[in-house]
Trainee: 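Next up is a structure, given as C-alpha cells.
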Amino acid sequence: MKLTRRSLIAGGASSAGLLLSGCDALNASPAFRDLLFGAEKLTMAGQRLVTDRNALAREFSAADRSPIFRANGTMNPGTDLYRRLVDGGFADYRMRVDGLVRRPLSLSLDQLRRSPARTQITRHDCVEGWSAIGKWTGAKLAPLLGLAGLMPAARYIVFHCADNFGGNPYYESIDLVDALHPQTILAYALNDRPLPVANGAPIRLRVERQLGYKHAKYVMRIEAVDRLDRIGLGKGGFWEDRAGYEWYAGI
Ligand SMILES: Nc1nc2c(c(=O)[nH]1)N[C@H]1C(S)=C(S)[C@@H](COP(=O)(O)O)O[C@H]1N2
Ligand SMILES: [Mo]
C-alpha cells in the first residue's frame with residue numbers, strides 16, 4: 001500500500017477540524033483552496049521570477065487572530081525522551097546547531113529566549129486546505145547561524161524534530177535565502193503564551209513565506225549541510241520524501 005498523508009493522519013486532523021478558526025470563510029472558498037494547492041506546484045525558479053524572496057510575508061493585527069490556532073500532524077511526539085522534557089518544564093531541552101558550522105552550539109530554552117527575537121502575526125496556510133492567523137514570538141534564526149558560524153559550503157539548513165510520524169522522524173529543510181529571512185524564527189510563544197505541545201513545544205520553525213508543512217515543530221537539532229540527498233530519503237523533507245510535496249513551497 002502506498003503510504004499516503006491521509007492514511008497517516010488518521011483521525012487527528014478531522015477532530016481538530018471541528019474547531020472553528022477565524023479563517024473558516026476563507027477555507028470554504030474553492031478559489032482560495034485552489035490557490036493553496038496551486039502555490040505548492042510553483043517551482044522555485046518560477047517563484048523567483050515573479051516574487052522577491054526577501055519580501056516580508058503579510059502581517060496582521062491582533063484582532064485578526066484566529067480564536068483557536070488548530071494543530072495538525074503530530075500533536076504530541078509521545079516518546080520517553082519528549083515526555084521527560086515536558087515533565088521537567090523543558091529545563092533539560094537543548095537545541096543543537098551543528099553540521100557545516102565553525103562553532104557547534106547546544107542552546108537551552110533560556111538561551112533561545114534571550115537571543116534576538118521577533119514577534120509577528122501571520123497566516124499559516126496548510127496544503128490540506130485550512131489557514132489560521134496567530135501571533136508568534138521566537139529567536140531569529142539568522143543571528144543564531146551567525147553565532148555558530150556557517151562554513152562557506154553550507155547551502156541548506158535542516159531541522160530535525162522530536163516526533164516520529166508514522167514511525168519515521170519528521171524533518172524539514174530550507175535554503176539560506178529563507179534561513180536568513182527576517183521573519184524566519186524559532187518560535188517559543190504562540191499568542192503570548194509558551195508554545196503548546198500540540199503546536200510544537202518548546203521550539204518550532206516559522207518560515208512565513210512557505211506552506212505549513214515546512215514549519216517544523218519539536219525542533220531538536222539544526223544542521224547546516226551542502227546537499228540534501230543524504231538527509232532522510234533525499235528530497236529534503238518528510239512529506240517531500242513520502243507524498244511528493246514540493247521542497248520549495250513558496251506562498
Ligand atoms: N515535527 C513536525 N512538524 C510539523 C508537522 C508534523 O507532523 N511534525 N506537521 C506540519 C504541518 S503539515 C503543518 S500544517 C504544521 C501544523 O502546525 P500546527 O500544529 O501548529 O497547526 O506543522 C508542520 N510541522
Ligand atoms: Mo500542513
Side-chain angles (χ1 to χ4, degrees), residues 3-23 27 33 36-37 39-40 65-79 81-82 85 93 95 120-138 158-174 178 184-191 193-223 231-232 236-247 249-251:
L3 186 62
T4 67
R5 176 175 177 78
R6 301 257 166 226
S7 71
L8 281 176
I9 58 177
S14 52
S15 53
L18 294 175
L19 302 173
L20 291 179
S21 82
C23 293
N27 291 332
R33 293 182 63 124
L36 284 190
F37 284 92
E40 194 208 344
R65 283 179 295 171
S66 305
I68 292 168
F69 197 99
R70 64 174 275 185
N72 200 33
T74 301
M75 315 255 178
N76 187 331
T79 62
L81 172 72
Y82 187 78
L85 288 176
Y93 170 82
M95 196 191 71
Q120 56 210 26
I121 301 176
T122 53
R123 194 185 71 205
H124 178 101
D125 296 323
C126 173
V127 272
E128 290 174 70
W130 60 273
S131 297
I133 294 173
K135 178 181 182 182
W136 303 97
T137 302
V158 182
F159 302 86
H160 298 277
C161 306
D163 57 322
N164 289 305
F165 199 91
N168 296 288
Y170 199 97
Y171 82 100
E172 258 303 341
S173 61
I174 58 178
D178 270 324
T184 298
I185 60 173
L186 296 170
Y188 44 73
L190 169 57
N191 292 328
R193 294 214 176 95
L195 188 62
V197 165
N199 301 104
I203 292 289
R204 68 95 53 79
L205 175 68
R206 293 300 307 171
V207 50
E208 304 291 356
R209 299 292 310 280
Q210 295 206 49
L211 290 172
Y213 62 88
K214 300 295 292 186
H215 299 231
K217 308 198 284 187
Y218 317 109
V219 175
M220 303 299 288
R221 177 179 169 219
I222 291 181
E223 183 187 11
I231 307 283
F238 183 92
W239 290 116
E240 291 88 326
D241 279 339
R242 285 168 187 81
Y245 285 15
E246 292 292 330
W247 174 75
I251 43 178

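All figures in this text were calculated on a predicted structure; none of them were measured in a lab. Throughout, residue positions are numbered sequentially from 1 according to the sequence presented. We count ligands from 1, going down the list as the structure has it; atoms in each ligand are counted the same way.
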Trainee: I'd like to check which ligand 1 atoms, numbered from 1 as shown, lie under 4.0 Å from a non-hydrogen atom of Gly73.
Mentor: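 Those of ligand 1 that fall under 4.0 Å from Gly73 are 7 (O).
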Trainee: At a 4.0 Å cut-off, with the gap strictly under it, does some heavy atom of Glu172 reach an atom of ligand 1?
Mentor: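 Contact absent.
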Trainee: Looking only at heavy atoms of Phe159, does any of them come nearer than 4.0 Å to an atom of ligand 1?
Mentor: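 It does not; every heavy atom stays at 4.0 Å or beyond.
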Trainee: Quick one: which ligand 1 atoms are inside 4.0 Å of a heavy atom on Cys161?
Mentor: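 With Cys161 as reference, the close atoms of ligand 1 come out as 1 (N).
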Trainee: Purely on distance, is any nitrogen or oxygen of His215 under 3.5 Å from one on ligand 1?
Mentor: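 Yes; the residue has a nitrogen or oxygen that sits under 3.5 Å from a nitrogen or oxygen of the ligand.
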Trainee: Quick one: does any side-chain atom of Tyr171 pair with a main-chain N or O of Phe238 as donor and acceptor, under 3.5 Å?
Mentor: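 Between the backbone of Phe238 and the side chain of Tyr171 there is no qualifying donor-acceptor contact (under 3.5 Å).
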Trainee: Report the relative orientation of the aromatic rings in Trp130 and His124; use parallel for angles under 30°, tilted for 30 to 60°, perpendicular for over 60°.
Mentor: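 It falls in the parallel class, under 30°.
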Trainee: Report, in ascending order of atom number, the atoms of ligand 1 lying under 4.0 Å from any heavy atom of Phe69.
Mentor: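 In order of numbering, the contacting atoms are 20 (O), 21 (O).
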Trainee: Would you check whether Trp130 has a nitrogen or oxygen atom less than 3.5 angstrom from a nitrogen or oxygen atom of ligand 1?
Mentor: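 Min N/O separation from ligand 1 is not below 3.5 Å for Trp130.
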Trainee: Examine Tyr170 together with Tyr218 and report whether their ring centres are nearer than 6.0 Å.
Mentor: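 Not under 6.0 Å, so no.
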Trainee: Considering only heavy atoms of Arg70, which atoms of ligand 1 have at least one such atom less than 4.0 Å away?
Mentor: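 Ligand 1 atoms under the 4.0 Å threshold to Arg70: 18 (P), 21 (O).
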Trainee: Which ligand 1 atoms does Ala198 reach within 4.0 Å, using its non-hydrogen atoms?
Mentor: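 Answer, ordered by atom number: 19 (O).
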Trainee: In plain terms, say whether Glu240 and Lys214 are close enough for a salt bridge, that is, a side-chain N and a carboxylate O under 4.0 Å apart.
Mentor: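 Judged by the 4.0 Å cut-off on N to carboxylate O distance, Glu240 and Lys214 do form a salt bridge.
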Trainee: For Asp125 and Ser131, indicate whether the former's side chain and the latter's backbone hold a donor-acceptor pair under 3.5 Å.
Mentor: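 Answer holds: no.
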Trainee: Nearest non-hydrogen contact with atom 6 (C) of ligand 1 belongs to which option: Tyr245, Tyr170, Phe238?
Mentor: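 Heavy atom nearest to atom 6 (C) of ligand 1 belongs to Tyr170.
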Trainee: Would you confirm whether Tyr213, through its side chain, and Trp239, through its main-chain N or O, come within 3.5 Å as a donor-acceptor pair?
Mentor: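 Judged by distance alone, no pair lies under 3.5 Å.
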Trainee: Determine whether any heavy atom of Met75 lies closer than 4.0 Å to an atom of ligand 1.
Mentor: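 It does not; every heavy atom stays at 4.0 Å or beyond.
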Trainee: Number the atoms of ligand 1 from 1 as they appear, then name those within less than 4.0 Å of a heavy atom of Phe165, with their elements.
Mentor: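 Counting from 1, the qualifying ligand atoms are 7 (O).
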Trainee: Return a yes/no value for Arg204: is any of its N or O atoms, backbone included, closer than 3.5 angstrom to an N or O of ligand 1?
Mentor: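 Yes, there is a polar N/O contact under 3.5 Å.
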Trainee: Would you mind listing which atoms of ligand 1 come within a distance below 4.0 Å of any non-hydrogen atom of Cys126?
Mentor: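 Taking each heavy atom of Cys126 in turn, ligand 1 has 14 (S) under 4.0 Å.
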Trainee: Regarding Asn76 and Tyr82, do their side chains bring together a donor and an acceptor under 3.5 Å, going by distance alone?
Mentor: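 No, because no side-chain N or O of Asn76 sits under 3.5 Å from a partner of the opposite role on Tyr82.
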Trainee: Short question: side chain of His215, backbone of Gln210 - any donor-acceptor pair under 3.5 Å?
Mentor: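 Yes.
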Trainee: Does ligand 1 have a heavy atom under 4.0 Å from the side chain of Asn72, from its backbone, from both, or from neither?
Mentor: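 It is both backbone and side chain that touch ligand 1.
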Trainee: Kindly say whether Ala189 contributes a backbone atom to a donor-acceptor pair with the side chain of Thr137 at under 3.5 angstrom?
Mentor: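 A pair under 3.5 Å: no.
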Trainee: Is it possible for you to check whether Arg65 lies under 6.0 Å from the centre of the six-membered ring of Phe69, through NZ or CZ, and within 45° of that ring's axis?
Mentor: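 That pair does not qualify as a cation-pi contact.
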Trainee: Enumerate the atoms of ligand 1 whose separation from the nearest heavy atom of Tyr218 is less than 4.0 angstrom.
Mentor: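 Numbered from 1, ligand 1 contributes 1 (N).
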Trainee: Could you name the option among Val127, Asp125, Asp163 that has the heavy atom nearest to atom 1 (N) of ligand 1?
Mentor: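 Comparing heavy atoms across Val127, Asp125, Asp163, the nearest one to atom 1 (N) of ligand 1 lies in Asp163.
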Trainee: Checking Ser173 side chain against Gly236 main chain: does a donor-acceptor pair fall under 3.5 Å?
Mentor: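 Yes.
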